[in-house]
Each structure stands twice: as C-alpha cells, then as structure tokens.
Amino acid sequence: METAVRERKRQREEVAVPIPSMTAVGGGEAQYVYLPIADALKAAGVRVCIFAAVSEIGAAFHSRGTDFTRTLRIFDQSRSTGISVTFFANDTALLPCVRSSGDVISLHNVKITNYHGEFFVTFDKRSSSFALFEGKASTESSPYQTSMKYHGSKQDDEILTNMRMWLVYPPPEGVGLKDLELQLRSVQSDLTFDLVCKVLHVYEAPSGEWIFYVWDGTDIPTTELQTCLNTEAVPLHLEEVPLPREVLCTLPCIGTILRIFSNKFCKEITHLQRDIYWARFCNITCKQEFGIWKGTLPPSSRVRLLSNEDGSVVERLKMYESRLSTKVGRRPMASLHKAFDFTDVELKRAGYATLMESLTYERVTHKLKTLVRVVSAFPWQGSDLHSLLSSNKHCLRLTLEDPTARIHAYVCKDGLVRFFGGSLTAAALTRKMNRLLGVPEQAAEKDTPVARNPPWIWCCLKSYRLEKEDPWGSRRYQVFGTEVRD
DNA sequence: TTGGGG
C-alpha cells in the first residue's frame, strides 16, 4: 500500500518539465504567479510562490543555531499529501503563528529543495515572505499575519476565495493521495498509517527509549493469542516499569491507551512532556506482542501537534461523547453484538466498570462487574485444577483483559468450586478452561500451537489489600459470584 | 552573511 503510493508520488515528481517560475513586476505593484505545489516541485531550486492550506502546525523551538524555528505542512489541490515548510526567525513572534489547521498561507519567493529523496519548501528569511489568512469559514480577505517583506498582490483575493471554496467542497476522491488515517479501533498489523490522538503521558526509559501513551476514545481490536497458556509468559503490560498510580489516575477509563515506542528524539517531545496535546503521528506502525498492541515510530514517521479546534480532533471528541452517552457505548467495542453465554454472574447491585475504572478507583476495595477476556490461567491443566479444587489451599490465577487494561485476578477456595460449577472431573475442568481461554476444540487434544481467541465473559471482581502498610502496592483482585457454564 | 531542519 505504502510503496504503491510512494511509487505514484515519485512518478509524478520525476517528470522534469521546465516551468516559467514566477514574478513579473508591472505598474508599481508586485504581481506574483502562484504555482500549484506539484508544479513547483518540477522547478526545484528556482524561486516560486505558493498559495496553500496548512495541515500541520509544528511547535516553535530554538534552532541549533541562533534562531527560532517552526515547521508547517501545507497542501493544495495538486498535492493533498502536502509538503513541509520550515521557517526561521530571530524572534518567535516573527514565525508564522497559525491559529488553526485549515488556515491558508501565501508564500512568496521560496525554493523547493530535495533532501534524501523528499521534497521540502525552503523559506529564506532574507528573501522569502509569507501571509496567513483564516480558513474556509471566513470571508475576511486581509491576512491576520504577514512577514515583514510581504507584499500583497492583486490576485490574492481571488485565489484566497478559490482556495476556501475548494476547502469547503473538496473534489471527489482520487484527485490527491492522502496518507491513510486510522483510528485505534481499526488498527491492523504491519500497516503504515497516521493516527490522530491525545498524548496523555510521555516517558523516557533509562535506555533512552521514549514511550508515548496515546488515546483517541476508541478501543483497539482484540488480538488472537498463541496457545501458550502459561501465565508467567503473558505480561500485564509491555513497558518494563508500570505507570505510577499518580499518572495512572489521570488517564481516561474508557478507550484504549496505546503505547507507542520510539528510539529517536523529536523536538515535539519537549512540548508533549510539559502539557497534554492532541497530535498527529504520521507514518506509524503497530504490531502485537503477547496479545498486546505496540505502536512503533519507523524512521519515516513524525509527530505534529494539533490544536483542539482541528477538524480531526473535534470529530474524535464528538465520537467519544456519543460513546459515553449510552450504557452499551462504555463496554468494549469488540464485545458488541456478541453473546455472553459463558458465565453466570450474580452481582445485581454493582454496576459495570472497565478494568481501568477499577484500577484508578479512589479506594483499595472495589466491587465491580466487568466484561473481560481470560488471556491466560495458572494452572490451566485439568489435572492441576482438579487437585487445586480438592486441596482447597491454593488459588487459580487468571489474567483478565479489556480494552483499557490487563490484571491478575485470583479464584480462591470456595469461589473455585462455585466458579467451575461443582467438583468436576479433570476432563470436565479441562473442557471448561479451554472454552474460557478460547482454545479451538480440535486443537485442545493435540499439543500443536494454534491461535486462540478467548470469548468475552461477564465477571464479578472485588479488590482488597494484603498489607495494611502498603494498601496500593499489595492490592489484589479476586473473582466472586461468577460461574462458568457448561 | 550563513546555518538552522527535513
């Protein structure tokens, strides 16, 4: 997919047609010839003028030299994937201060450069100039910001109107090639895509690796697991150090928080560490490890900060609000339209809560009804379960997950007999456990590794502390009032 | 009078 898009882009970019670049000065007023971005690319190295819309707004930073710098991404009809422009100025106030993505920018006397096979717009602070206009919703024709050397031209008004028309009524698909944009709920393995998300937390591991905790209000799809049933091999999270409780409690309780891992530093990180921003992660990929989704930033990826007014951000928030407005909307998205005939639960009074709601609950003790999948169990073999039930000494440990978290939950003593619906034979216990873990029936007999897909089950949980001195550190979950059916 | 950044 990505290669096809790149190939088509390259084909278009490689056609070297000489284009008369721009300027003609007449009658005392400057006349500027604006080139579509796609045409400007064919005139690399020549000074050109471009009239485009802003799709991404970078943060202002100190450059490695003496100036301040900011990068924008701009697009027009000829190139909906856009192109990056970096500005420099000795004062942040002189950098373009874009109020909202979708605003319109006029660039005079910029050059197209090709760096490592990718095109960029080079803005020279001595000779180039810019003007910023409000986006499609406005009729204001004068710019809200101009660089010092900017001279408006006669055609600006008309071109601005045309650009706004195009932004309101974009032409049908196929005119431009836009990067694939996915929500967490439609993520797939080994696909390169853009993700618009809220960056809730940034962590720098001692190894120098960065972890972004991101959220878009949707649930990431469930994964299939390998038949490996050993609890020890199934981690609760991918990061070495779990989030401290103070951070955990600031995170939303509905919707998946994806961990995106990155080895490279990007300057947006300093802003993301200080404050919570919506951002566009461009060209990221996801894969599964131990049934947990892990985002990664390949070399071609980048991070762009978004304003809260950005169209994609507004859309995500609206969707989240409508999700919260119904009881069913709060449940795991992947559990909708599924039957829950695997368990009987007795708890009428305790309401439904996600695992994250319980983890961040203000008290150590909490009773809740959850909709979860059993991703592993220890012990899991019928014979071991059988001696567990008869000895009445030890507990069965389950690893439960929903879109918001994974936890260990124990089934102990009387609860065990209740859980399995009586003192069953080893064979009957094996059968029930396999159903819980989603092991396909044919595979259960042989020991061949196949993918398993645990069903969603209703499950009652209660939490409590083991040690008075360390209530949160010793917090444990126990399954109660839940019976696995035949 | 240039680099900076990609």
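All of these numbers come straight from a predicted model, not from anything done at the bench. Naming: A, B, ... by sequence-line order, numbering from 1 per chain.
In this entry the distance linking NZ of A:K111 with P of B:dT2 reads 11 Å, nearest Å. Between A:K267 atom NZ and B:dG5 atom C1' there is a gap of 7 Å when expressed in whole angstrom units. Rounded to whole Å, the distance from CD1 on A:I112 to C1' on B:dG6 is 13 Å. Taking atom CZ of A:F119 as the reference point, atom C1' of B:dG5 lies 17 Å away to the nearest angstrom. Between A:I74 atom CD1 and B:dG6 atom C1' there is a gap of 14 Å when expressed in whole angstrom units. At whole-Å resolution of the value, CZ in A:F123 and P in B:dT2 are 17 Å apart. Between the CG atom of A:D124 and the P atom of B:dG3 there is a distance of 10 Å, given to the nearest Å. Distance CZ (A:F87) to P (B:dG6): 15 Å, rounded to an integer number of Å.
Between B:dT2, B:dG6, B:dG5, one nucleotide has an atom nearer to the side chain of A:T113 than all others, and that is B:dG6. For A:K125, whose side chain is taken as the heavy atoms from C-beta onward, the closest listed nucleotide among B:dG6, B:dG5, B:dT2 is B:dT2. For A:T86, taking side-chain heavy atoms from C-beta onward, the closest of the listed nucleotides B:dG5, B:dT2, B:dG6 is B:dG5. Listed candidates were B:dG6, B:dT2, B:dG5. Nearest to the side chain of A:R64 is B:dG5.
Partners of A:Y115 under the side chain to side chain donor-acceptor pair (under 3.5 Å) rule, at least two apart in sequence or in another chain, do not exist in this structure. Under the side chain to side chain donor-acceptor pair (under 3.5 Å) criterion, A:E239 pairs with A:Y213, A:R259, sequence neighbours left out.
Ring centroid separation for the pair A:F290 and A:H237 does not come in under the 6.0 Å cut-off.
Heavy atoms of A:T71 sit nowhere under 4.0 angstrom from any nucleic acid atom.
Considering only side-chain N and O atoms, A:R302 lies nowhere under 4.0 angstrom from the phosphate OP1 or OP2 of B:dG5.
Each of A:F120 and A:T66 was assigned the nucleotide of DNA chain B with the nearest heavy atom; the assignment lying further toward the 5' end belongs to A:T66.
Checking side-chain atoms of A:Q155 against main-chain N and O of A:Y32 turns up a donor-acceptor pair under 3.5 Å.
Taking 4.0 Å as the cut-off between side-chain N and carboxylate O, A:E181 and A:R280 count as a salt-bridged pair.
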